[in-house]
K.L.:
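One structure follows; several queries about it will come next.
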There are 2 protein chains.
Amino acid sequence: MVTKQELSGLPEDADLRRADSLAREIFSDVANKWALLIIEALGERTLRFSELRDEVEGVSHKMLTQNLRMLERNGLVDRKVHPTVPPKVEYTLTEPGRALRATVDLLCGWTQQHLGHIEAARGRFDA
Amino acid sequence: MVTKQELSGLPEDADLRRADSLAREIFSDVANKWALLIIEALGERTLRFSELRDEVEGVSHKMLTQNLRMLERNGLVDRKVHPTVPPKVEYTLTEPGRALRATVDLLCGWTQQHLGHIEAARGRFDA
DNA sequence: CTGTATCCCATTAGATACTG
DNA sequence: CAGTATCTAATGGGATACAG
């Protein structure tokens, strides 16, 4: 088999680095509080903008739109605009979004499971 | 069975809310780029401060100490100081830390798996 | 209702310097 | 080597106002 490397005469490192920096970018996008809470709130449901705002406690109008745009851009949520008046916009997790949600669920589970341990550790540390 | 609620005459909601806000706090601590990258870098190994700084690409001295303190406070990493000169400090994941790492691994796996899909989605969105 | 833009304050994070 | 402190630039994020 003829590899890309043999054809180009250059090492494949450039590709690997590109993939790496992309992965880093995605990781930064996704590993943030609001993004994860939004994904968790969506779950299997379809929610409107205002419903999401109510559902994700403490999120501001601005952070919600900002993160929704980011999630949409990365293809993790689907944004469906109903051309009515007043407007109605619905958000749903895409397949990759749902896959991500599965891991977020685990993170939430982990948090619940270790609440006690962590609270105790904090008490010790703060002393 | 006699519940806490019957004894106190107050609803248990207060307890639930406390646990909830604690969970939120932990979630915010943990759902951040550097914390997750540090946990991932540690893995099963024990690393020194300087080794971690090399391992976690792009992390600054300051962010590393800050996040390590936070992780230590939450009982997710163990900090072992060797009273030598020059000093030598080693960091290791605790049991809860390793459990968390398992979920971080999944997140990393998810990222790798969906790199292509996400890159494509971005291309479409940016157009 | 949803979304964009602006103003503005709070927080974050890098760089640098200094200590044990 | 590891850690703290300080200064500063950049970013984050809330409040508000306005448009479609």
Side-chain angles (χ1 to χ4, degrees), chain A residues 21 24-39 41-42 45-74 76-93 125-127, chain B residues 21 24-39 41-42 45-74 76-93 125-127:
Chain A
S21 85
R24 270 321 238 342
E25 232 181 283
I26 296 171
F27 200 83
S28 299
D29 273 0
V30 150
N32 102 57
K33 181 182 164 180
W34 293 127
L36 294 185
L37 288 174
I38 288 169
I39 286 169
L42 273 176
R45 302 177 289 173
T46 291
L47 292 178
R48 300 182 56 171
F49 182 85
S50 45
E51 294 172 327
L52 266 173
R53 200 183 37 210
D54 295 342
E55 208 71 27
V56 180
E57 171 149 337
V59 74
S60 69
H61 188 120
K62 187 179 177 179
M63 286 301 98
L64 187 54
T65 28
Q66 211 165 88
N67 278 278
L68 281 173
R69 279 313 149 270
M70 179 273 285
L71 292 172
E72 186 192 357
R73 177 168 119 91
N74 288 320
L76 306 186
V77 305
D78 181 58
R79 177 166 176 268
K80 170 114 190 165
V81 181
H82 298 267
T84 58
V85 40
K88 174 174 171 178
V89 182
E90 295 185 315
Y91 294 92
T92 318
L93 289 181
F125 186 93
D126 294 342
Chain B
S21 85
R24 271 317 215 42
E25 233 181 284
I26 296 171
F27 199 83
S28 300
D29 272 0
V30 151
N32 101 56
K33 182 183 163 180
W34 294 127
L36 294 185
L37 288 174
I38 289 169
I39 286 169
L42 273 176
R45 301 177 290 175
T46 290
L47 292 179
R48 300 183 57 171
F49 181 86
S50 44
E51 293 172 328
L52 266 173
R53 199 182 39 208
D54 295 342
E55 209 70 27
V56 180
E57 171 150 335
V59 73
S60 69
H61 189 121
K62 187 178 177 179
M63 284 303 97
L64 186 54
T65 27
Q66 211 166 88
N67 278 278
L68 281 172
R69 280 312 151 272
M70 179 273 285
L71 292 172
E72 187 192 356
R73 178 168 119 91
N74 287 319
L76 306 186
V77 305
D78 181 59
R79 177 166 176 268
K80 170 113 189 164
V81 182
H82 297 268
T84 58
V85 40
K88 173 173 169 176
V89 183
E90 295 185 317
Y91 294 92
T92 317
L93 290 181
F125 186 93
D126 293 342

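Reminder, nothing fancy here: chain letters follow the sequence lines and each chain counts from 1.
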K.L.:
What integer distance in Å separates B/F49:CZ from D/dG3:C1'?
P.N.:
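In whole Å, D/dG3 C1' and B/F49 CZ are 7 Å from each other.
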K.L.:
Reading nucleotides 5-20 of chain D from the 5' end, what letters show protein touch, with B for base, S for backbone sugar-phosphate only, - for no heavy atom under 4.0 Å?
P.N.:
-B------BBB----B
K.L.:
Within the structure, does a side-chain N or O atom of B/Y91 lie under 4.0 Å from either OP1 or OP2 of D/dC1?
P.N.:
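The answer is no; no side-chain N or O of B/Y91 sits under 4.0 Å from OP1 or OP2.
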K.L.:
Work out which heavy atom in B/A31 is nearest to a heavy atom in A/L36; give both atom names and the distance.
P.N.:
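It is CB-CD1, 3.8 Å.
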K.L.:
Let me know the distance between CG of A/L52 and P of C/dT2, rounded to the nearest Å.
P.N.:
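Distance check: A/L52 CG to C/dT2 P gives 9 Å.
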K.L.:
How long is the line joining CD of B/E57 and P of C/dG14, in whole Å?
P.N.:
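Result: 13 Å.
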K.L.:
Roughly how bent is the helix from C/dC1-D/dG20 to C/dG20-D/dC1 end to end, in steps of 10 degrees, with each end axis from five pairs?
P.N.:
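That helix gives 40° between its end axes.
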K.L.:
What are the two closest heavy atoms between A/A41 and A/V56, and how far apart are they?
P.N.:
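What the structure gives for the nearest pair is CB-CG2, 3.7 Å.
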K.L.:
Tell me the interatomic distance from A/K33, atom NZ, to C/dT11, atom P, rounded to whole angstroms.
P.N.:
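Nearest whole value for this atom pair: 13 Å.
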K.L.:
Can you tell me the distance, in whole Å, between the NE2 atom of B/H82 and the C1' atom of D/dA2?
P.N.:
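Interatomic distance, NE2 of B/H82 to C1' of D/dA2: 13 Å.
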K.L.:
So, for B/Y91 and B/R69, which heavy atoms are closest and what is the spacing to 0.1 Å?
P.N.:
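Smallest interatomic distance, heavy atoms only, reads OH-NH1, 3.5 Å.
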K.L.:
Could you please name the option among C/dT2, C/dG3, D/dG3 that lies closest to any side-chain atom of A/R79?
P.N.:
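Out of C/dT2, C/dG3, D/dG3, the nucleotide with an atom closest to A/R79's side chain is C/dG3.
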K.L.:
The side chain of A/S50 lies closest to which of these nucleotides: C/dT2, C/dT4, D/dC1?
P.N.:
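Among C/dT2, C/dT4, D/dC1, the one nearest the side chain of A/S50 is C/dT2.
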K.L.:
Which heavy atom in B/T46 sits nearest to a heavy atom in B/E51, and how many Å separate them?
P.N.:
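So the two residues come closest at O-OE1, 4.3 Å.
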K.L.:
Let me know the distance between CG of B/L47 and C1' of D/dA2, rounded to the nearest Å.
P.N.:
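Taking CG of B/L47 and C1' of D/dA2, I get 15 Å after rounding.
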K.L.:
How far apart are the closest heavy atoms of A/D29 and A/M70, and which atoms are they?
P.N.:
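Looks like O-CE, 3.3 Å.
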K.L.:
Can you check whether A/L37 reaches A/V59 side chain to side chain, under 4.5 Å on heavy atoms?
P.N.:
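In short, these two side chains do not touch, never coming nearer than 4.5 Å.
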K.L.:
Scan A/R53 against the nucleic acid and name what it touches under 4.0 Å (heavy atoms): base, sugar-phosphate only, or nothing.
P.N.:
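Touches nothing.
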K.L.:
Between C/dG3, C/dC1, D/dT4, spot the one nearest the side chain of A/P86, thanks.
P.N.:
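Nearest nucleotide to the side chain: C/dC1.
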K.L.:
Quick one: closest heavy-atom pair of A/E57 and B/R24, and the distance?
P.N.:
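Closest approach of A/E57 to B/R24: O-NH2, 2.8 Å.
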K.L.:
Find the distance B/L64:CG to D/dA2:P and express it as a whole number of Å.
P.N.:
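Result: 10 Å.
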K.L.:
Given side chains that start at C-beta, do those of A/L76 and A/V30 come closer than 4.5 Å, heavy atoms only?
P.N.:
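A side-chain contact under 4.5 Å exists here.
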K.L.:
Can you measure B/K80 atom NZ to D/dA2 atom P for me and round it to whole angstrom units?
P.N.:
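After rounding, the gap between these two atoms is 15 Å.
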K.L.:
What I'd like to find out is whether the side chain of B/L52 reaches to under 4.5 Å of the side chain of B/L68, using heavy atoms alone.
P.N.:
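B/L52 reaches B/L68 side chain to side chain.
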K.L.:
Could you check whether any side-chain heavy atom of A/F49 comes within less than 4.5 Å of a side-chain heavy atom of A/R79, counting everything from C-beta outward?
P.N.:
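No - every pair of side-chain heavy atoms lies 4.5 Å or more apart.
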K.L.:
Under 4.0 Å between a side-chain N/O of B/R48 and OP1 or OP2 of D/dC1, yes or no?
P.N.:
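Indeed not, no polar side-chain atom of B/R48 lies that close.
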K.L.:
From the set C/dT4, C/dC1, D/dG3, return the single nucleotide nearest to any side-chain atom of B/V89.
P.N.:
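Closest nucleotide to the B/V89 side chain: D/dG3.
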